[in-house]
Amino acid sequence: MLQFLRRRFLFFFFTYLVSSLTIFFLLRVLPGDPARVIAGGREATEAQVAEIREELGLNASLPQQYLTWAADFLRGEWGDTIAFRGAVNRDLIIERSVNSARLALVALLLSVPLSLALGVIAGLFENKLPDILISLLTLSVVSLPEFVTGLFLINIVALRWGRSELAASLGWWFPSSSAVPANASFAEMLPFLWLPAFAATLVMLAYISRLTRAGVIEELKRDYVRTAALKGIPWRTVIWRHVLRNALLPTITVIAISISWLVSGLVVIEYVFGFPGLGSLLIAAIERRDLLLVQAIAMVTVTVILFANLFADVAYALLNPRVELA
């Protein structure tokens with residue numbers, strides 16, 4: 001077990017190093033001078049630009065700049081933001097990350113049970129009507145881009161259904177925009193989370209349900225299932241205690257990857273709904289060429305993805321006795 005964990009952590013740190021190098025050098029080769037952007041663009045004097053370059057350490061060599069930036073990031077010193085005057089990158093990213101985590105939590109609570117249920121039903125009725133209908137539904141939904149799904153939900157659910165007499169009588173309210181204050185509490189933000197969370201759910205629906213379906217079908221063909229049936233064990237017991245437990249193991253990896261995508265990759269959905277999360281913050285930072293903020297967001301994204309995958313590897317290994325832990 002210790003050797004298994006050692007290998008995973010070594011892979012984690014190696015990937016983290018390569019990702020940080022890639023992020024740093026890719027952003028450095030982009031056109032434009034970040035020091036001039038901070039100084040005020042074309043109106044800035046050369047003296048002002050030179051002063052800022054010296055302050056940011058941009059006159060040093062690239063390896064030295066990288067080592068300084070990496071050390072500052074690990075210490076939590078992510079610099080001041082250009083895109084949002086008067087704010088500090090670390091505080092801003094933490095605030096927006098909390099909002100994205102809230103959205104991810106609601107999306108997971110919607111997507112995981114629904115996807116698993118659809119996948120199990122499809123697997124139990126392989127090539128029959130329920131399987132065909134579920135496959136058509138999930139594949140049709142996942143083929144749509146996120147912005148199309150988001151605009152559809154805004155138009156149909158929020159603007160039409162949300163304003164109907166039936167919705168008013170039931171007390172259901174789906175705001176068409178999630179442009180709430182970034183520092184709002186979870187209770188204040190909850191009504192604005194349902195539609196973007198459902199849009200994210202539709203994106204993940206096919207991946208998790210199809211993997212669950214494949215796992216159920218594979219387990220149903222194993223010898224122990226036929227043996228249990230011949231022994232007269234109730235079919236429901238075989239499904240719940242044996243088939244599902246083994247079939248859902250590979251799904252852990254996909255769910256973990258979905259967590260990392262939800263926290264770090266909801267850029268389009270957050271933009272469509274005007275949600276104050278990490279994705280919309282990244283767009284604002286790119287538009288205003290806030291290099292330090294873009295780097296910090298990218299590194300936070302990498303951190304979330306790597307930890308989610310590390311958790312998935314360890315959890316899968318612990319739950320699956322066939323994985324070698326030595």
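Just the heavy atoms: all of them, side chains too, but no hydrogens, waters or symmetry mates, feed the values below.
Side chain of Ser115 to main chain of Val112: no donor-acceptor pair is present (N/O by atom type, distance under 3.5 Å, no hydrogens or angles).
Judged as a salt bridge (Lys or Arg N to Asp or Glu O under 4.0 Å), and not counting sequence neighbours, Asp91 has no contacts. Residues passing the side chain to side chain donor-acceptor pair (under 3.5 Å) test with Thr149: none are found, sequence neighbours excluded. Under the side chain to side chain donor-acceptor pair (under 3.5 Å) criterion, Asn127 pairs with no residue at all, not counting sequence neighbours. Applying the side chain to side chain contact (heavy atoms under 4.5 Å, CB included) test to Thr227 and every residue at least two apart in sequence or in another chain returns Lys231. With sequence neighbours left out, Ser143 forms a side chain to side chain contact (heavy atoms under 4.5 Å, CB included) with no residue at all. Remark: Glu126 pairs with no residue by the side chain to side chain donor-acceptor pair (under 3.5 Å) rule, at least two apart or across chains. Applying the side chain to side chain contact (heavy atoms under 4.5 Å, CB included) criterion to Ser20, with sequence neighbours excluded, gives Leu17, Tyr66, Trp69, Met299. Take Ser209 and apply the side chain to side chain donor-acceptor pair (under 3.5 Å) test, not counting sequence neighbours, and it matches no residue. Applying the ring pair (Phe, Tyr, Trp, His ring centres under 6.0 Å) test to Tyr224 and every residue at least two apart in sequence or in another chain returns nothing. Shown here are the side chain to side chain contact (heavy atoms under 4.5 Å, CB included) partners of Leu110, two or more places apart in sequence or in another chain: Val106, Trp194, Ala197, Thr201.
The neighbour count for Phe186 CZ, taken as heavy atoms of other residues, nucleotides or ligands under 6.0 Å away, is above 12. Other residues, nucleotides and ligands place no more than 12 heavy atoms under 6.0 Å from the OH atom of Tyr271. More than 12 heavy atoms of other residues, nucleotides or ligands shown are found within 6.0 angstrom of CZ on Phe12. The environment of CZ in Phe73 is crowded: more than 12 heavy-atom neighbours from other residues, nucleotides or ligands sit within 6.0 Å.
Identified under the salt bridge (charged side-chain N to carboxylate O under 4.0 Å, His left out) test for residues 191-216, with sequence neighbours left out: Asp131-Arg213. The stretch residues 64-77 participates, sequence neighbours left out, in these salt bridge (charged side-chain N to carboxylate O under 4.0 Å, His left out) pairs: Asp72-Arg75, Arg75-Glu77.
No continuous path of ILVMFWY side-chain contacts below 4.5 Å connects Ile217 to Leu118, so the two sit in separate hydrophobic clusters. Hydrophobic clustering (ILVMFWY, side-chain heavy atoms < 4.5 Å, transitive): Leu211 and Leu137 are in one cluster. Cluster membership check: Leu105 does not share its hydrophobic cluster with Phe198, using side-chain heavy-atom separations under 4.5 Å among Ile, Leu, Val, Met, Phe, Trp and Tyr. Side-chain heavy atoms closer than 4.5 Å link hydrophobic residues (I, L, V, M, F, W, Y) into clusters, and following such links, possibly through other members, connects Phe25 to Tyr16. Cluster annotation: Leu67 and Ile23 are assigned to the same hydrophobic cluster (Ile/Leu/Val/Met/Phe/Trp/Tyr, side-chain heavy-atom contacts under 4.5 Å, transitive).
For the atom pair Ile94 CD1 and Trp78 CH2, the distance stands at 6.0 Å (nearest 0.5 Å). Here the OG1 atom belonging to Thr15 is positioned 3.5 Å from the CZ atom belonging to Phe11, to the nearest 0.5 angstrom. Taking CD1 of Ile297 as the start and CG of Leu292 as the end, the distance is 11.0 Å to the nearest 0.5 Å. Taken to the nearest 0.5 Å, the CG atom of Leu92 stands 4.5 Å off from the CG atom of Leu281. We find the CG-CG distance between Leu139 and Leu144 to be 11.5 Å, quoted to the nearest 0.5 Å. Thr138 OG1 to Ile208 CD1: the interatomic distance, rounded to the nearest 0.5 Å, is 11.5 Å.
In plain terms, the two heavy atoms of Ser19 and Val302 that are nearest each other are CB-CG1, 3.7 Å. Scanning all heavy atoms of the two residues, the minimum distance from Phe273 to Ala199 falls at CE1-CB, 4.2 Å. In terms of heavy-atom proximity, Leu108 sits nearest to Pro113 at O-CD, 3.6 Å. The two atoms that bring Gly277 and Asn99 nearest to each other are CA-CB, 4.4 Å, heavy atoms only.
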From CA spacing to verdict: side chain to side chain contact (heavy atoms under 4.5 Å, CB included), Leu193, Phe275: CA-CA 9 Å; Leu193 293 176; Phe275 184 76; 3.3 Å; yes
Verdict with supporting geometry, Leu124 and Leu220, side chain to side chain contact (heavy atoms under 4.5 Å, CB included): CA-CA 8 Å; Leu124 294 176; Leu220 287 175; 4.0 Å; yes
Stepwise side chain to side chain contact (heavy atoms under 4.5 Å, CB included) check, Thr68 with Gln65: CA-CA 5 Å; Thr68 302; Gln65 289 184 44; 5.9 Å; no
Trace of the side chain to side chain contact (heavy atoms under 4.5 Å, CB included) decision for Ser100 with Glu270: CA-CA 9 Å; Ser100 292; Glu270 289 183 1; 2.9 Å; yes
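Contact of the Phe125 side chain with the Ile132 side chain is not registered, since no non-hydrogen atoms from C-beta on lie closer than 4.5 Å. For the pair Pro276/Glu95, no side-chain contact is recorded, criterion being any heavy-atom separation below 4.5 Å from C-beta on.
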